[in-house]
> 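Pasting in a structure now, in C-alpha cells, and then I'll have a few things to ask.
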Amino acid sequence: MSTDRTHADHAHEHPTWKQYKWVALWLFVITVFEVWAYYVPAFVASKAFVPTLIIMSAVKFTIVVLFYMHLKYDHQMFRRLFTGPLIIAACTLVAFLFLFSKVRIG
Amino acid sequence: MATVAAAGAHEAHEHAHYTTTGLNHRKIAMWTFIGSECMLFGSLISTYLVYKGRSVVGPFPHEAWTSPTGQAFKPILNIPVTSASTFVLLMSSLFMVLALAAVENKGKPGYEGLLGASKFWLAATAAAGATFLGFQAFEFTSFVHEGLTIRTNLFGTSFYTLTGFHGTHVAVGVLWLMTMLFIDLKRGLEPRDAINVDIMALYWHFVDVVWIAIFTLVYLIK
Amino acid sequence: MSTSHLRRVAPVAVLALVLLALAACGGDYPNSTFSHNTTLNDGAVFLWDRMMLLGTIVFVVVEVLLVYTMIKFRRREGGPAPRQTHGNAALEITWTAIPALILVFLAVPTVKTIFENQRKAPAESLQVEVIGHQWWWEFRYPEYGIVTANELYLPIGKTVDFSLQTRDVLHSFWVPQLGGKRDLIANRVNHIWFTPKATMQPTALNGACVEYCGSSHANMRFRTFAVTPAEFDKWVAHQKTVALGSPAASVTTADSAVKEKPIVPLKTASLISLPTSAPTAAPEAWSFPAERMPAYTLPSTPLPATKFDETLLAAGDPKAGRELLTNPANLGKAPCLTCHVIRGETNYANDDQAKGPNLTHIGTRHTFAAGLYRLDAKALALWIKNAPAMKPGSVMPTFGAGEYNAMIKQAVPAAAGLDDRQIADIVAYLRSLK
Amino acid sequence: MATSSAISTTASAAPQPSVQSGLWSWLTTVDHKRIGLLYLYTALFYLLVGGLEALLIRTQLARPNLSVVSAEMYNQLFTMHGTTMVFLVVMPLSAAFFNYLIPLQIGARDVAFPRLNAFSYWVYALGGLFITLPIFFGLAPNGGWFGYAPLSGPTYGGGYNMDFWVLGLQILGISSLAAAFNFITTIINMRAPGMTLMRMPMFTWMSFVVQFLIVLAFPVITAALFFLQFDRFFGTNFYQVQAGGDPLLWQHLFWVFGHPEVYILVLPAFGLVSEVLPTHSRKPLFGYNVMAFSGMMIGFLGFGVWAHHMFAVGMGPVADSIFAVTTMLIGIPTGVKIFNWIATMYGGSLRFPTSMKFAIGLIAMFTIGGISGVMHSSPPSDLQQTDTYFIVAHFHYVLYGGAIMGIFAGIYHYFPKITGRLMNERLGSWHFWLNFIGLNLTFFPMHFSGMLGMPRRIYTYDAGQGWDLFNMISTVGTYLLLVAGLIFAYNFFSSRKRGAVAGNDPWGGATLEWSIPSPPPEYNFAQIPEVTSRYPMWDLKAPDRTASLEHVHPSADDIAAAHAVPVHEETERRSAKELGIAIPFSTIRPFMVALGIIIMFSGLIVLHVGEFPLAMAAMLGGSAFMVGSLYAWLTSPLE
Ligand code: HEA
Ligand code: HEA
Ligand code: CUA
Ligand SMILES: [Cu+2]
C-alpha cells in the first residue's frame, strides 16, 4: 500500500526525457571540454587548471545527483541523508590534503 | 559491503504496512548506504591524493621515468581510452534513467515505443557497464605490461585499489542490472516494480558520480 | 537506605582520594612530569595548573549539585508529586555559555604555548640525532662525530635540538623530567627542542619509549645525564676518540665487505666518518660518575635463569676477547662486528648499517640493553650467552653454546656457540672499552 | 518493596515461557527481541572475557618486574582487552538495547529488515569467535587496539596475529554497518503514528545519532583495514615504509574512525540514563530538545577532532591548534547533558533502585573522565600525558564510568521488561557499591602513575620509579570489580527464574515499552498505538501530572492509514495468529550467509599459512556458500 502511495506521490514530479536529454548533453560537453583542457599545455600550466577541472566535475556530479538520482524532486529526507555525509566526506578529504601537504620525507 | 547493500536491498517489511514517512524502507536504506559510500570513496580518494607524487620508483601517472637500470617508462595513464570509457559510463546513466522511466510509465501514452522499452534500456545500461569494465580490464592489463602492478610503487598500490574498488562496484551493478533484466524478461516489470528499479538506479548513478570524481582527480589533474 | 549508604561511603571515598593525592604530591617521584627543568615543561605545567584549577571547579560544582539534589529531593512516601518542568531556556543557555567561557581561558594560552614551543630551534643549539630501533636508542652528535646508545648526555644551560628518526616501527622519545614527548616516524624527521635550565643540578634521569613498538616496548628505556658544560666537554672529548682498549693502528673500515644495503636509507642521518689515524694523546675517560647515579636510574630487572660459571668472569682475558671479536677467522663464532661498530677495530658495517648499538665506549656506560640491566660483568656475560632470554624479541642473537634461542626456537649447536670462558673473555674486552 | 512503583497496578501472571525454545529456534530467529537477547548474552560473556584479560594485565602489573605472563602474551592481552571491550562488549551491549528497545519505544512490531538484523548478530557472534579464539594458541592480535602501522604490517608484524585482527575487525564492521542501515530505516520509517522525531524517547534519539556515526565512521576504518589487508596478503605498499608509505596515513584514517567510535560507545549509555533518570525522578527529562540537539552536536563535532590522538606526531602548530580547539568545544554539548540530567533530578521525587544508582554513578564518574579528556585537549600539556597511564585513567572513566555504568543502569531498568521479573535490589546495591569503589580504586590511581611518568602498554616496569603503590591499588581495585561482576552475574541468572514478578510497568515509565506485557509478546503491540506526546504512559496513568506538558495530535490521515488506537496498557497476551498479525518466518539463511563470510575470510589466513589449494577452496567455497544462501534468503518471502 504505502509502496504504491510513495511511488504515486512523486512520480509525476520526476524529470522527463527532455531533461534527461539535456543533462546527458551537458555531461558530454563538459567531459569533452575537460579532456580538451588536458591537452592544452598552456592551460595545464596555468593556475586556473586545477580549479577549473574541479568545478567542472563538481557540476557534473551535481547534475547527475539532482536529475538522474532525482534528488531535486524527491523527499527532503533523502537530501539530508546524502548531503550530510557528502559534506563530512569532503571536509575530511580537504583536511587530509592539508595535513599531508607539508611532508618532510627523510 | 556490497553484500550488505544487496541484503538490505531485497528485503523489505513494508508491503501493506504503515510507514511513518510514506517512503520506502529500502530506498531510505539505499540513500543511507550511499552516504556511507561517500565516506568509503572519500577515504580511498584521499589516500590516492595523499600518495600522489610520493612513489619512490616509477612508473608514474603523468611523467616519464627512467629506472636506475636505464629502462624507460612512458607516463602510464591513457587519457583517450579512459575518456572513451568515461563517456560510456556517463551514457549508461542516461540509459538507466530511461529504463526507470519506461518501467514507471509502462502503458502510459508516449511510452509505447522505444521510450517504453524497459528491457532494451536495462540491457543497454548493463552493456555500457560491461563495456566500462572491459575498458578497465584492458587498462589494467596494459598497465601491467608497461611495468605497473599493484605492488610496484605507491602509485600502483593506490591507483589499482581506488579504481579496483570502483570497478567492483560497477561489476555488482552490472549483476544487479542483469538480474533485473532477467525478471523483466521472465515476467515483465510493471509500474509497481518501479521502486526496485529506482533503488538500483540510485546505486548505479552513484557509481557513476564517483567515477566523475575519479576521472578528474586521478586522470586529468597532473 | 541508599542515601545513608552514600553518606557513609562518600566521606571514606573522598578521604581515600585525598590521601592518595597527598601521597602523589609528597613522595619521591623521579619521573614526575611536573618538574620545571625546561621552559618547555614550564608551559605544560602552567597549562596543567590552569586546567587543574578550572577542572576542579567544574568537578566540585557538578558533584556538589549532584549530591545536594540526591539528598534534598529523595522521595518521601506520601509526598506531593513533583512539579513537572520540561526545560528552562535561560538556565540552559547559562550552562552552555559558562563552559564556553571557561574553555576560552584554556584555549588562548594553549594556542599561545603551541606556537611558542614549535618555533624553530635557535641555530646555535646542540644537534642530537635520536634514532629509534626495536628496542634500543641510538644517539648521535653529528658535530662531534659521536655515536652512542641508550645513554644521552646533555649540557645544562644549552639548547638541544633533537631530530628524531626511526629505523623500523614507530617509537616515541620521552624524558618526563625535561618535557613532552615526540614520536619517531618512519619516512619523516621529527623535531623537539628544549633547554635544561642553567639552574638545574647535574643528575641522571630516566627516559622511555612511549609509543607501542612490539615485544620489548616496555624494555626500551634510556638514561639521560644532564651534566655541567665542562663535564659535557670532557665527555665529548673522550667519546670522540677510539676506545682506549683498542689499538688505533688497526683502524680500517670494511664498508666494501658489506654488500647488504640498509633497508631504510636514512637520508639525513649523518654518516660518521671513522678516524683514519689515532689521536696522539687520548683524553681522560669521563662519564657520569657511578656513585652519583640516583637509585632510580639503577635498573633492578631480575637476571634470567641462564647458567654461567661466574668464577670465569674475574679471570676474563681482554686480549683473548678482542681476538675473538676481531680476527676474521672467528667470524662464524663471534660475528659481533657485523652488527656492532667498535671504532678502531675492523668493522663489517658502518654506523648506518649496523643492526646493534655502537660499542666503542661501552665500558663507560652504566646500563645496557636500553637501560634494562646494570652494566656489570655477570649481566653482560648472560647477555652474550642468551640475549633474547633477557629481553623478549631482542634482535641480538643467542651465542652461548647449547643455549636455546626462544626467538628462533632452536638451540645453538655446541660447536657453533661460545663457551663460558670465551664469553668471559669477550666481557673483559668489552669492559676494557673505556 | 521500596522499588516497586505506586503506579504499577496491573498485576500480571508470571511470565509465560517463550513458545519457541531450543537451539534451532535461536539460530533461526528474526525477532528483534530474541536477537537483542542474543546480543546481550554474547556481549556479557565477552565482558567476562575482557574482564579476565584485564585481570591478568593488572596482576602482571601489581608489582614491579613480575612475570605472571610473558611480554608477548601481555601484548596480546592488552590488544585483545581493548579490542574485546570496544568491539565485542560495549558496541554489542548497545546493540542489544537498540534491538530490544528501539521497536518497542517507537511503537513498531519489528525492525525494518528483520533478517538483516539476524545477519548482523551472526556476523558479530562468529566474527567475535574469529578474533578471540586465537589467544588460546598464542596467536592473538598483538599490535594494540589501534594497530599502528608499520608494526601491524607484514614487515614488522609478521605471523598470523595481526591477520586475525585485520580480518576480524573487517568482519565486525560488516555487522555494525548492516545494523546501522537497519536502525536508521527503522527509526525514520517505523515510528507509530504521532511519534514525531521530537517525541521519540531519548534513548532512541541517541541511538539514531549513533547509527549515523557508525554509517560514517566505519567506512573509513574499512578502507584503512583494506589497505592493511592488501599490504599483508597481496604485497601492496600502503604502509610499507621502504616504498615511501606513510605511517601517519593509518593513524589519520584510524582516528577519523576512532574518535567517532568513542561516542558510538558512550551515546547509547547516555540514552539509557536519560530514560532511567526521569522515571525515577518522576519528572520529564529536562530540556529534551537541547538533549537531542547536544547529542547531534557531539556526533557532528566528533568528526572534526580525531587528530587529538596524534599531538605527539608533529603535525605543526596550526593543525595542533585547530584540533585542540575543536576538541575543547565538545565539552560544551557534553556539559549540557550533565547539567540537564542534574536538572531533571532537581525538584523531582527521587528513589534509588539500582538502575538509578548506576545512572547517577555515570553522571559522577563520566564527569571525571570528561574533565581529564579536556586536559588532554591542550597539546603542550598532552605531550606530557599522551601514552601514559593518565590517558588510561581518562578513557576508563569515560568507558567504564560512562558506557559500562550506563549500560548497567539500562540492564537493571529493562530487566523486568525483558524477563518479566525484577532483579534483586540487595544484590544490585552490593554490585553498585563494589563496582563504584572498585572502579575508583582501579582507575583513579592511574592518574597519578601516569603523571608520574608511567607509560602505557608496558608489560613490566622497574622498581623505585614511584609507581608501585598506585599499581598495587589499581590491581586490588580490579579484583573488587571482579567480585562485583560475579555478584551481578549471580543476580542476573537467579533473578531470571526467581525474581519478583514485574508486571507491565514496574517503574512507572513514560514511554511505550511500558504499555505492553513483560516479557513482550512476539508481535509487541497488539494494536499499533497512536502517540500524542513524549510521555504517552504518563498521559495515560497520571494525566494530572503531565497536563501542563505539550500535547499535539498528529494528522488524522496518518492515524487512519495505520488503524492506530490511542495508547493504552495491554494486559492480555495472545498469539500473533489469533490477532492476525503477520510475523516474519524464522530462517537459517542469515546465519548461513554470515558463516559463508567467515569461511571466506578464514581462507585468507590459510593462504598465509601457505596452503594455496585449501585457501582457494575456503575462499571460493565460502563465497559460493554465501552467495547461495544470500540468494535463497532474498528469494524467500519474509512473512
Ligand atoms: C566513551 C569514550 C570516550 C569519551 C566520551 C571521550 C571523551 C573525550 N575525550 Fe577521550 N578517549 C577515549 C575515549 C573517550 N573519550 C579513549 C578510548 C581514548 C584513548 C584511545 C587510545 O589511545 O587507545 C581517548 C583519548 C583521548 C585523547 C587523546 C589522548 C592522548 O592519547 O594523548 C584526547 C585528547 O584530547 C581525548 C579527549 C576527550 C575529550 C575532550 C572528550 C570530551 O568528549 C569530554 C567531554 C566531557 C566533559 C568535559 C565533562 C562534562 C562537562 C561539563 C561538566 C561542562 C563543563 C566542562 C568544562 C568547561 C571543561 N580523549
Ligand atoms: C569499554 C572499554 C573498556 C573497559 C570496560 C575496560 C575495563 C578495564 N580495563 Fe581496560 N582498556 C580499554 C577499554 C576498556 N577497559 C582499551 C580500549 C584499552 C587500550 C588497549 C590498548 O592500548 O590497545 C584498555 C587498556 C587497559 C589497560 C592498559 C594496558 C596497557 O596499556 O598496558 C589496563 C591496565 O590496567 C586496563 C585495565 C582495565 C580494567 C582493570 C578493567 C576493569 O574495569 C574490568 C572489570 C571487569 C571484570 C573483572 C569482569 C566482570 C564480570 C562480569 C561483569 C560478569 C559478566 C556477566 C555475565 C557473564 C552475566 N585496560
Ligand atoms: Cu620503542 Cu616503544
Ligand atoms: Cu578522541
Side-chain angles (χ1 to χ4, degrees), chain C residues 2 24 29-33 43-44 47-48 51 55 58-59 62 65-66 69 73-75 81-84 86-87 92 95-96 99-100 103 107 110-111 113-115 117-118 168-170 172 176 180-183 185-187 190 208 210 212 214-215 218 263-264 295-296 299-302 392, chain D residues 65 71-72 144 148 150-151 156 241-242 246-247 282-284 286-287 290 312-314 317 320-321 324-325 328 331-332 335-336 339 342 345-352 363-364 367 371 375 378-381 383-384 387 448 451-453 455 457-460 462-466 545 548-549:
Chain C
S2 19
Y29 297 109
N31 306 310
S32 166
T33 56
L47 286 167
W48 168 271
M51 293 188 299
V58 171
F59 173 75
V62 169
L65 270 176
L66 192 61
T69 310
F73 298 102
R74 68 182 187 280
R75 186 168 303 180
R83 203 165 65 84
Q84 305 293 299
H86 51 83
E92 286 169 79
W95 58 58
T96 310
L103 289 174
T110 294
V111 173
T113 316
I114 291 175
F115 278 89
N117 289 353
Q118 300 196 20
D168 36 55
V169 301
L170 311 187
S172 192
K181 38 190 97 65
R182 199 48 104 205
D183 290 353
I185 297 170
N187 286 341
N190 247 336
V210 277
Y212 176 61
S215 302
I263 309 167
V264 189
Y296 59 84
S300 57
T301 317
Chain D
N65 291 321
E72 191 38 52
Y148 275 7
L151 188 62
Y156 301 103
V241 288
Q242 305 91 303
D246 194 335
R282 279 219 211 156
K283 258 181 85 216
F286 192 88
V290 178
V313 305
D320 279 2
S321 303
V325 172
M328 291 174 191
I332 299 173
V336 168
F339 293 121
I342 298 180
M345 292 162 62
Y346 195 93
S349 166
L350 310 182
R351 66 183 161 194
F352 299 95
I363 304 179
T367 301
I371 291 170
M375 291 177 142
S378 176
S381 181
L383 288 179
Q384 282 290 34
D387 275 317
F448 299 114
M451 290 316 284
L452 298 174
R457 300 159 187 151
I458 54 173
Y459 76 94
T460 188
D462 209 351
Q465 305 303 307
R545 255 170 59 205
S548 61
L549 304 172

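Here is how names work: the chains are called A, B, and so on, in the same order as the sequence lines, proteins then strands, and each is numbered from 1. Atom set for the values below is all heavy atoms of this structure, side chains included, hydrogens, waters and symmetry mates excluded. None of the values given here were measured: they were computed from a predicted structure.
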> Is there a donor-acceptor contact under 3.5 Å from the side chain of C:Arg74 to the main chain of D:Leu350?
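No.
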> Let's test your reading of the structure: which of C:Asn117, C:Val62, C:Thr113 forms the most heavy-atom pairs below 4.5 Å with chain D?
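Of C:Asn117, C:Val62, C:Thr113, C:Val62 has the most heavy-atom pairs under 4.5 Å with chain D.
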> Give, as side chain, backbone, both or neither, the part of C:Arg83 having an atom under 4.5 angstrom from any heavy atom of chain D.
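Backbone of C:Arg83 only, per the 4.5 Å heavy-atom cut-off to chain D.
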> Could you measure the distance from the CZ atom of D:Arg545 to the CD atom of C:Gln84? Nearest 0.5 Å is fine.
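The CD atom of C:Gln84 is 5.0 Å from CZ of D:Arg545, to the nearest 0.5 Å.
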> Can you give me the closest heavy-atom contact between C:Tyr29 and D:Gly466, atom names plus distance?
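Closest approach of C:Tyr29 to D:Gly466, heavy atoms only: CE2-O, 3.1 Å.
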> Let me confirm one number: the CG-OG1 distance from D:Asp462 to C:Thr301, rounded to the nearest 0.5 Å.
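Between D:Asp462 CG and C:Thr301 OG1, I get 4.5 Å after rounding to 0.5 Å.
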> From C:Lys181 NZ over to D:Asp387 CG, what is the distance, rounded to the nearest 0.5 angstrom?
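Going from NZ on C:Lys181 over to CG on D:Asp387, the span is 6.5 Å.
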> Strictly distance-based, threshold 3.5 Å: is any side-chain N or O of C:Asp183 a donor or acceptor partner for the main-chain N or O of D:Gly314?
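Side chain of C:Asp183 to backbone of D:Gly314, a donor-acceptor pair under 3.5 Å: no, none is there.
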> Between D:Gly335, D:Ala364, D:Ala71, D:Ala463, which residue shows the highest count of heavy-atom pairs closer than 4.5 Å to chain C?
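Of D:Gly335, D:Ala364, D:Ala71, D:Ala463, D:Ala364 has the most heavy-atom pairs under 4.5 Å with chain C.
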> Can you name the nearest heavy-atom pair linking C:Val111 to D:Ser321, along with the distance?
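Residues C:Val111 and D:Ser321, closest heavy atoms: CG1-OG, 3.8 Å.
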> Below 4.5 Å from any heavy atom of chain C, which atoms of D:Val325 appear? Answer side chain, backbone, both or neither.
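It is the side chain, since no backbone atom gets that close.
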> Identify which of D:Ala312, D:Gly287, D:Gly453, D:Gly464 forms the greatest number of heavy-atom pairs closer than 4.5 Å to chain C.
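Between D:Ala312, D:Gly287, D:Gly453, D:Gly464, the count favours D:Ala312.
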> What residues form a side-chain contact (heavy atoms from CB on, under 4.5 Å) with C:Thr110, not counting sequence neighbours?
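For C:Thr110, the residues satisfying side-chain contact (heavy atoms from CB on, under 4.5 Å) (neighbours in sequence not counted) are C:Leu47, C:Leu106, C:Ile114, D:Ala324, D:Met328, D:Ser378, D:Pro379, D:Pro380.
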> Where the side chain of D:Gln384 meets the backbone of C:Pro176, is there a donor-acceptor pair that is under 3.5 Å apart?
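Answer holds: yes.
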> Taking C:Asn187 for the side chain and D:Asp246 for the main chain, is one N or O donor matched with an acceptor at less than 3.5 Å?
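Not at all, since once roles are kept as given, no pair shorter than 3.5 Å links the two residues.
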> What are the two closest heavy atoms between C:Met51 and D:Ser381, and how far apart are they?
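Result for this residue pair: CE-OG, 3.3 Å.
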> Which heavy atom in D:Gly144 sits nearest to a heavy atom in C:Tyr212, and how many Å separate them?
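Distance-wise, the nearest heavy atoms are N-CE2, 4.0 Å.
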> Please state whether the side chain, the backbone, both or neither of C:Ala208 comes within less than 4.5 Å of a heavy atom of chain D.
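Side chain only.
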> Check side-chain contact (heavy atoms from CB on, under 4.5 Å) between D:Tyr148 and all other residues, then give those that pass, not counting sequence neighbours.
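So D:Tyr148 forms a side-chain contact (heavy atoms from CB on, under 4.5 Å) with C:Leu170, C:Glu211, D:Phe146, D:Trp250, D:Gln251, D:Trp255.
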> Short question: side chain of C:Thr69, backbone of D:Tyr346 - any donor-acceptor pair under 3.5 Å?
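Absent.
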> Quick check for you: to the nearest 0.5 Å, what is the distance between C:Leu65 atom CG and D:Ile363 atom CD1?
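The distance works out to 10.5 Å.
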> Taking all non-hydrogen atoms of both residues into account, name the closest pair between D:Phe339 and C:Pro99 and its distance.
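So the two residues come closest at CE1-CG, 4.4 Å.
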> Taking every heavy-atom pair that is under 4.5 Å apart, which of D:Met451, D:Lys283, D:Met345 has the most such pairs with chain C?
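The option with the most such pairs is D:Met451.
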> Could you give the distance from CD1 (D:Ile332) to OG1 (C:Thr96), rounded to the nearest 0.5 Å?
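If we round to the nearest 0.5 Å, D:Ile332:CD1 and C:Thr96:OG1 are 8.0 Å apart.
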> Does any backbone or side-chain atom of D:Ile371 lie under 4.5 Å from a heavy atom of chain C? Answer side chain, backbone, both or neither.
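Looking at D:Ile371, just its side chain touches chain C.
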> Side chain, backbone, both or neither: which part of D:Glu72 has a non-hydrogen atom closer than 4.5 Å to chain C?
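For D:Glu72, the contact with chain C is made by the side chain alone.
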